[in-house]
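Here is the naming used below: chain letters follow the sequence lines, and residue numbers restart at 1 for every chain.
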Amino acid sequence: MAAFTAPKGVPEYYPPDSSAFLAVREALAAPARRAGYGYIELPVFEETGLFVRGVGESTDVVRKEMYTFEDRGGRSLTLRPEGTAGVVRATIEHGLDRGQLPVKLWYAGPFFRAERPQHGRYRQLQQVGVEAIGLDDPALDAEVVALADEGYRSLGLSSYRLLLTSLGDAQCRPAYRELLVEFLRRLDLDEDTRARAQVNPLRVLDDKRPELQAQLGAAPLVVDHLCPSCKEHYDDVRRHLSALGVQWEEAPRLVRGLDYYTRTTFEFVHDGLGAQSGIGGGGRYDGLMGLLGGQPLSGIGFGLGTDRTLLACQAEELTVGDSARCDVYLVPLGATAKDRLVALSGELRRAGVRVDVAYGERAMKGAMKGADRSGATYAIVLGDRDLDAGEAQLKDLRSHEQTAVPLDDLLSTLKGKLL
RNA sequence: GUGGGUGUAGCUCAGCUGGUAGAGCACCGGGUUGUGAUCCCGGUUGUCGCGGGUUCGAGCCCCGUCACUCACCCCA
């Protein structure tokens with residue numbers, strides 16, 4: 001009888017640590033909500049063609065990392081490997097881009113890639129993302145980047161860096177690509193790399209192998225071959241980022257794995273995570289709306305890794321989230337006391353106080369231990385002795401001070417202390 | 001997908017040149033006929049990842065497999 005186990009490469013979060021996961025997700029989403037982004041909830045699977053077209057046939061994600069299956073009607077479906085394609089699809093399908101622009105949306109949830117699992121690299125990964133569709137205003141690029149930065153900063157993270165570059169657009173990238181292909185052709189490359197140079201030459205630039213990097217020293221860089229409008233756009237983005245107080249590093253060899261990126265492109269890397277250091281990334285995708293059958297509108301967005309951000313917090317030994325399960329812990333001694341405290345638990349919860357009760361027939365000592373473990377600030381002890389006196393014992397679990405409070409005043413006393 | 005490392009109690013780990021398992025924490029109880037966190041005492045907990053093989057005998061050696069992990073790759 002083999003016990004069941006979770007599928008390979010899937011992280012699970014459960015108490016007490018799950019509170020940190022929730023706090024990270026909340027922290028990453030909060031800046032977008034404060035900036036007028038509306039929530040969008042999307043399916044976790046889509047028509048396979050959406051990703052093949054949107055993410056790009058030449059990408060590793062599409063070529064070897066998608067969970068693709070056929071449903072009972074013979075349709076080819078794929079568990080979403082990223083969020084942008086779905087958001088753009090929904091924007092077009094529901095005509096969200098028919099009103100005032102930009103359309104600003106945020107989302108959070110699981111994504112799926114069939115990779116070999118590693119610390120920080122999961123087959124089911126959690127992301128928080130935003131998309132701003134319809135304007136190519138560089139100030140909007142800066143806003144999106146700043147939202148991500150603010151999310152990380154609000155958690156207390158400091159050992160991360162923002163890498164920034166521009167990948168050019170349909171005007172200037174083709175010519176640059178030619179240059180790069182020509183340059184790569186003259187290098188002595190192994191078979192895999194040569195193939196990559198054919199399919200996606202930009203990817204070769206950020207290869208980590210030092211011997212290859214040595215050869216790439218003189219490689220042409222996109223930023224040196226931007227057309228005038230792309231260059232102006234990039235300059236404006238950087239000016240606005242400075243105004244927003246965001247710091248970045250120029251990363252002219254930064255390349256993203258998804259084909260749709262144009263112009264502003266960025267990635268956040270954390271120094272405490274080993275090889276899987278990217279905690280978030282994104283950029284502009286000015287051709288994607290048109291490519292997926294919508295109006296030819298521009299767009300920019302990011303995806304932030306919730307799992308990796310949590311790992312980054314742990315690497316920096318930050319405490320995130322509230323590990324306390326409740327504020328007040330009720331300890332009844334005897335049936336009559338239990339009736340009173342069960343009723344009180346309902347009243348307190350309706351008033352917004354977090355309450356737990358020592359259920360079962362626990363001994364006093366065990367019940368108090370439960371109070372301690374719950375993280376509660378106060379314990380209420382009620383036994384026959386107290387009932388006779390018409391009061392309950394209110395114990396402050398931090399100062400260890402205990403006072404008698406008339407039963408009728410319990411609710412108002414606790415509300416006064418906690419709300 | 002490629003290469004390396006590691007799998008022993010719920011958790012962190014010890015276990016000698018092969019002789020059929022230990023510690024700390026956690027949990028439960030007692031010390032305190034109604035008081036946690038601290039202290040003292042006692043107790044529960046394992047198909048030693050799984051399957052084969054070698055051996056009189058395997059947690060330890062060999063093979064396979066699964067999971068995790070590190071790097072490549074990829075990316076969040």
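- Between B/U20 and B/U47, the two C1' atoms lie 13 Å apart (nearest whole Å).
- Within residues 49-60 of chain A, the residues that have a heavy atom under 4.0 Å from RNA chain B are, in order of number, A/D60.
- Residue A/R113 is classed as a base contact, given a heavy-atom separation below 4.0 Å to a base.
- If you check every strand for non-hydrogen atoms under 4.0 Å, A/K395 touches a base.
- Salt-bridge formation is not detected for the pair A/R350/A/E347: no Lys NZ or Arg NE/NH1/NH2 atom is positioned less than 4.0 Å from an Asp or Glu carboxylate oxygen.
- With a cut-off of 3.5 Å on both pairing distances, the Watson-Crick or G-U wobble partner of B/U65 is B/G49.
- Contact check for A/L163 versus A/V269: side-chain heavy atoms found under the 4.5 Å cut-off.
- Closest to the side chain of A/H119, out of B/G1, B/U69, B/G36, is B/U69.
- At a cut-off of 3.5 angstrom, the base of B/A71 holds no donor-acceptor pair with the side chain of A/Q276.
- For A/Q393, the side-chain atoms get nearest to B/G34 when compared with the rest of B/C70, B/G34, B/A76.
- Across the strands present, B/U38 finds no partner; the criterion is a Watson-Crick or G-U wobble pair with both atom distances under 3.5 angstrom.
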- Query: After noting the C-alpha distance and the side-chain angles of A/W106 and A/Y39, does the key distance pass the ring pair (Phe, Tyr, Trp, His ring centres under 6.0 Å) rule?
  - Reply: CA-CA 5 Å; A/W106 75 275; A/Y39 180 69; 4.8 Å; yes

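- Nucleic acid contact class of A/G370 (heavy atoms, under 4.0 Å, all strands): none.
- The side chain of A/R308 approaches B/A76 more closely than any other nucleotide in the set B/C73, B/U35, B/A76.
- Proximity of residues 339-348 of chain A to RNA chain B (heavy atom under 4.0 angstrom from any strand atom) is not detected for any residue.
- The interatomic distance linking A/L205 (CG) with B/C75 (P) rounds to 13 Å, in whole Å.
- Note: A/Y67 and A/F112 have perpendicular aromatic rings, judged against thresholds of 30 and 60 degrees for the angle between ring planes.
- Under the Watson-Crick and G-U wobble criteria, each requiring two contacts below 3.5 Å, nucleotide B/C25 is paired to B/G10.
- For the pair A/K369 NZ and B/G30 P, the interatomic distance rounds to 11 Å; values are reported in whole Å.
- A/Q126 comes within 4.0 angstrom of nothing in the nucleic acid, heavy atoms only.
- In this structure, of B/C74, B/A76, B/G30, it is B/G30 that holds the atom nearest to the side chain of A/K365.
- For A/L258, taking side-chain heavy atoms from C-beta onward, the closest of the listed nucleotides B/C70, B/A76, B/C68 is B/A76.
- Counting only heavy atoms from C-beta outward, the side chains of A/P81 and A/M66 approach each other to under 4.5 Å.
- A sub-4.0 Å separation between OP1 or OP2 of B/A76 and a side-chain N or O of A/R256 is present.
- Residues A/T377 and A/L397 have side chains not in contact (no heavy-atom distance under 4.5 Å, counting atoms from C-beta outward).
- The partner of B/A71 is B/U2, by the rule that a Watson-Crick or G-U pair needs both atom distances under 3.5 Å.
- Within the nucleic acid shown, A/A371 has no heavy atom closer than 4.0 Å to any nucleic acid atom.
- When heavy atoms are screened at a 4.0 angstrom cut-off, A/L397 is found touching base atoms of the nucleic acid.
- Looking at heavy-atom distances under 4.0 Å, A/F268 makes no contact with the nucleic acid at all.
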Please tabulate the protein-to-nucleotide N/O contacts below 3.5 Å involving nucleotides 3-12 of chain B, giving atom names and distances.
unit_1	atom_1	unit_2	atom_2	d
B/G3	O6	A/R116	NH2	3.2

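- Note on A/R203: only backbone sugar-phosphate atoms sit closer than 4.0 angstrom, heavy atoms only; bases stay farther off.
- Out of B/C74, B/A26, B/C72, the shortest distance to the side chain of A/R373 is found at B/A26.
- In this structure B/U33 sits in no base pair that meets the Watson-Crick or G-U test at under 3.5 Å.
- Within the 4.0 angstrom heavy-atom criterion, no nucleotide atom of any strand lies near A/G375.
- Under the 30°/60° scheme for interplanar angles, the aromatic rings of A/F21 and A/Y13 are found to lie parallel.
- Cation-pi geometry between A/R53 and A/F51 is not met at under 6.0 angstrom from the ring centre and within 45 degrees of the axis.
- As judged by a 4.0 angstrom heavy-atom cut-off over every strand, A/E82 is placed among residues making no nucleic acid contact.
- The existence of a salt bridge linking A/R385 and A/D388 is excluded, since no basic side-chain nitrogen approaches an acidic carboxylate oxygen closer than 4.0 Å.
- In terms of phosphate contacts, A/Q118 brings no side-chain nitrogen or oxygen within less than 4.0 Å of OP1 or OP2 of B/C68.
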